[in-house]
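Because the structure is a prediction, the values reported are computed rather than measured.
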Amino acid sequence: MTVIFAARKVTLKDNFKERTEKKLNKFSRIFSDEARAKVTVTVYKNNQTVEVTIIDKGMIYRSEASCAQMNDALDKVLDNLGRQIRKHKTKLAKKLKTAHLAELFIEQEKFNDLRDEINENEDYDLVRVKHFTLHPMSVQEAILQMNMLEHKFFIFKNLETNEINVIYSRKDGTYGLIDPQ
């Protein structure tokens with residue numbers, strides 16, 4: 001597993017990097033050698049936020065936590081990732097056998113910070129643009145992927161209709177689907 005570190009408003013010490021790599025190696029038996037883990041650390045006032053995103057064969061696992069201490073935030077993030085992986089392991093194994101989910105999930109997600117390129121006269125402040133490849137998947141698979149990413153919505157190409165759809169979580173715990181006509 002390749003680990004990439006990004007620091008915002010903080011300088012990461014070598015012992016934190018070593019500790020992070022050692023703890024992420026516990027997940028190496030689950031992921032392939034091509035897996036990438038991006039660790040982003042941000043300091044804002046008295047909080048230190050650690051975000052870890054693991055991408056492997058189109059599967060994306062992401063967790064974020066804020067604490068007063070960087071190491072405490074890292075521990076919370078890794079515990080959360082472990083729970084996510086255990087929770088979805090049986091669901092994914094079943095679906096992988098039947099629908100080859102590995103081919104259906106997003107293969108690539110690029111992050112571009114365009115803050116410097118935005119025209120100052122605009123009313124809206126665009127801070128990030130994400131690019132990703134849409135693969136056909138069922139509504140249930142899209143809900144699973146959205147939950148693994150801990151997002152409120154997810155854009156996907158519907159396997160049945162071959163249209164671009166948006167799945168979103170509602171306040172009452174149910175899900176909604178936006179289907180263009």
Side-chain angles (χ1 to χ4, degrees), residues 8 27 30-31 35 37-42 44-68 72-115 122-181:
R8 296 183 183 141
F27 295 123
I30 298 168
F31 298 109
K38 182 177 181 185
V39 180
T40 305
V41 180
T42 307
Y44 181 72
K45 294 188 180 182
N46 294 333
N47 276 335
Q48 299 189 24
T49 303
V50 176
E51 174 187 339
V52 177
T53 304
I54 301 174
I55 301 173
D56 183 32
K57 296 182 182 175
M59 295 298 298
I60 302 171
Y61 291 92
R62 181 190 166 281
S63 182
E64 179 179 329
S66 294
C67 287
D72 294 340
L74 176 66
D75 291 340
K76 284 184 179 182
V77 165
L78 295 177
D79 288 344
N80 192 15
L81 282 173
R83 278 193 303 276
Q84 280 182 27
I85 292 167
R86 281 190 303 275
K87 177 182 174 183
H88 294 97
K89 183 177 178 183
T90 56
K91 287 181 184 180
L92 291 175
K94 181 180 176 184
K95 290 197 181 278
L96 280 171
K97 289 178 183 175
T98 59
H100 301 289
L101 267 182
E103 299 171 4
L104 301 177
F105 284 123
I106 297 169
E107 290 179 359
Q108 181 178 359
E109 184 174 5
K110 298 177 184 176
F111 297 99
N112 295 322
D113 189 3
L114 300 176
R115 182 173 289 201
E122 295 291 327
D123 293 335
Y124 301 104
D125 188 20
L126 179 68
V127 295
R128 183 167 63 179
V129 175
K130 291 185 179 182
H131 300 278
F132 54 93
T133 306
L134 295 177
H135 293 285
M137 64 177 67
S138 70
V139 173
Q140 294 299 318
E141 293 164 346
I143 291 172
L144 178 66
Q145 183 69 24
M146 178 183 68
N147 288 337
M148 287 191 313
L149 292 170
E150 296 179 349
H151 286 175
K152 299 291 183 195
F153 67 93
F154 185 75
I155 301 171
F156 68 103
K157 190 171 189 177
N158 194 323
L159 188 63
E160 290 93 27
T161 63
N162 210 26
E163 294 283 334
I164 305 297
N165 290 169
V166 176
I167 194 81
Y168 60 95
S169 63
R170 299 169 45 96
K171 290 181 182 177
D172 62 358
T174 59
Y175 299 97
L177 177 70
I178 298 175
D179 188 15
Q181 292 195 7

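Counting all heavy atoms, side chain and backbone alike, Lys76 lies closest to Cys67 at NZ-SG, 3.4 Å. Smallest separation of non-hydrogen atoms from Leu177 and Tyr168: N-CE2, 3.8 Å.
Donor-acceptor pairing under 3.5 Å is lacking for the side chains of Gln84 and Asn147.
Counting heavy atoms from C-beta on, the side chains of Ser63 and Val52 never come closer than 4.5 Å. Side chains of Met146 and Ile167 form a contact here, defined as non-hydrogen atoms less than 4.5 Å apart. Counting only heavy atoms from C-beta outward, the side chains of Leu74 and Asp72 never approach each other to under 4.5 Å. A 4.5 Å side-chain heavy-atom check between Phe154 and Leu149 finds at least one atom pair inside the cut-off.
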What's the verdict on side chain to side chain contact (heavy atoms under 4.5 Å, CB included) for Ile60 and Gln145, showing C-alpha distance, side-chain angles and the deciding distance? CA-CA 8 Å; Ile60 302 171; Gln145 183 69 24; 3.8 Å; yes
Check against side chain to side chain contact (heavy atoms under 4.5 Å, CB included), Val139 and Phe156: CA-CA 9 Å; Val139 173; Phe156 68 103; 4.2 Å; yes
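Judged as a side chain to side chain donor-acceptor pair (under 3.5 Å), and not counting sequence neighbours, the contacts of Ser66 are Thr49. Every residue meeting the salt bridge (Lys or Arg N to Asp or Glu O under 4.0 Å) condition with Asp75, not counting sequence neighbours, appears here in chain and number order: Arg19, Lys23. Applying the side chain to side chain donor-acceptor pair (under 3.5 Å) criterion to Tyr44, with sequence neighbours excluded, gives no partner residue. Every residue two or more places apart in sequence or in another chain that forms a side chain to side chain contact (heavy atoms under 4.5 Å, CB included) with Glu51 is listed here: Thr40, Thr53, Arg62, Glu64.
Note on ring orientation: taking the six-membered ring where Trp is involved, the planes of Phe27 and Phe31 are perpendicular (angle over 60°, cut-offs 30° and 60°).
Screening residues 153-164 for side-chain hydrogen bond (donor to acceptor under 3.5 Å, both in side chains) gives Asn158-Asn165 as the qualifying pairs, with residues at least two apart or on separate chains. Among residue pairs with one or both ends in residues 170-181, those qualifying as salt bridge (charged side-chain N to carboxylate O under 4.0 Å, His left out) are Arg170-Asp172; sequence neighbours excluded.
Note that CD1 of Ile54 and OH of Tyr61 are 9.0 Å apart. Values are rounded to the nearest 0.5 Å.
The side chain to side chain contact (heavy atoms under 4.5 Å, CB included) test with Ile178 is passed by exactly one of Ile164, Val166, Ile155: Val166.
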